[in-house]
Amino acid sequence: MPQRAVFPGSFDPITLGHRDIVERATRIFEKVYVAIGKNTTKTTMLPFESRLEIVSDVFKDMNNVEVLSYNKLTVKLCEKLGASYIVRGLRSGTDFDYERNIALINTKLNDKIETVFFISNPNYAGISSTIVKEVYKFGGDISGFVPTEVIEFLKKKK
Ligand code: ADP
């Protein structure tokens, strides 16, 4: 059985931290689905169509990565895709507390699906989509935080 994993998130926008997690996950899993949540309670800077376009562009050369959007429970998406693993990233103890709760709920919903955590690369542990959005909003340079595809997309939209 090929081992498939789902990396769910908002990716608003995708950062170097997210990309690093996906690249590392592909060394363990045969297939990694990057799943962009459509309906979360979060208000997003980029509509999901744009997030889908950017993230697809970032991983276009990695044939074991597939990008998709979804608006259902993550475990339901895993069941549909035949994925037994959910990948998440941990930057800090705060992330851990938040992520642990989600993982516990997901285990209650389907105990066959394991959540696997990747400790953030120290170079990227300070990066969050929220901070990127703040810097961008005030005209700061975000090129050290996001893949070039994000910069290109934002330039094109201006
Ligand atoms: P969500 O809205 O589901 O939290 P995010 O796009 O903010 O979606 O994050 C998706 C996952 O990526 C989360 O597990 C988060 O902890 C992780 N993550 C975010 N930024 C980084 C980073 N810089 N390094 C490692 N993991 C990260």
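If you're wondering where the values come from, they're calculated on a predicted model, not measured in any experiment. Counting starts at 1 for both ligands and their atoms, following the listed order. The basis for the numbers below is simple: all heavy atoms, side chains too, and nothing from hydrogens, waters or symmetry mates.
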Checklist entry - What do you reckon, does F7 put a non-hydrogen atom under 4.0 Å from ligand 1? => result yes
Checklist entry - Hey, does S10 come in under 3.5 Å of ligand 1, counting only N/O atoms on both sides? => result yes
Checklist entry - Going by distance only, is there an N or O of R88 that falls short of 3.5 Å from an N or O of ligand 1? => result yes
Checklist entry - Does any N/O atom on E99 come nearer than 3.5 Å to any N/O atom on ligand 1? => result yes
Checklist entry - Does one hydrophobic cluster hold both L73 and F48, with members joined at side-chain heavy-atom distances below 4.5 Å? => result no
Checklist entry - Mind checking whether E79 and K112 have side chains closer than 4.5 Å, heavy atoms only? => result no
Checklist entry - Where does the angle between the aromatic ring planes of F29 and Y85 fall among parallel (under 30°), tilted (30 to 60°) and perpendicular (over 60°)? => result tilted
Next on the checklist: I want to know if ligand 1 touches G89 in the polar sense, i.e. an N/O pair below 3.5 angstrom.
Outcome noted: yes
Checklist outcome for this item: Atoms of ligand 1 under 4.0 Å from any heavy atom of Y124, numbered from 1 in the order shown, are 22 (C), 23 (N)
Checklist entry - Atoms of ligand 1 less than 4.0 Å from F11 heavy atoms? => result 6 (O)
Item to check | Sub-3.5 Å N/O-N/O distance, I127 and ligand 1 | outcome: yes
Item to check | Carboxylate-amine/guanidinium contact K31 E66, below 4.0 Å | outcome: yes
Checklist outcome for this item: The atoms of ligand 1 lying under 4.0 Å from a heavy atom of S120, numbered in the order shown, are 24 (N), 25 (C)
Checklist outcome for this item: The side chain to side chain contact (heavy atoms under 4.5 Å, CB included) partner of P13 among V146, I151, T44, L154 is V146
Item to check | H18-ligand 1 polar pair, N/O distance under 3.5 Å | outcome: yes
Next on the checklist: Working to the nearest 0.5 angstrom, can you tell me the gap between L16 CG and I142 CD1?
Outcome noted: 10.0 Å
Next on the checklist: For residues F145 and F11: do they belong to one hydrophobic cluster (side chain heavy atoms under 4.5 Å, members Ile, Leu, Val, Met, Phe, Trp, Tyr)?
Outcome noted: yes
Checklist entry - Does F153 reach the side chain of V58, with side-chain heavy atoms less than 4.5 Å apart? => result no
Checklist entry - Just which atoms of ligand 1 are under 4.0 Å from any heavy atom in D95? => result 16 (O)
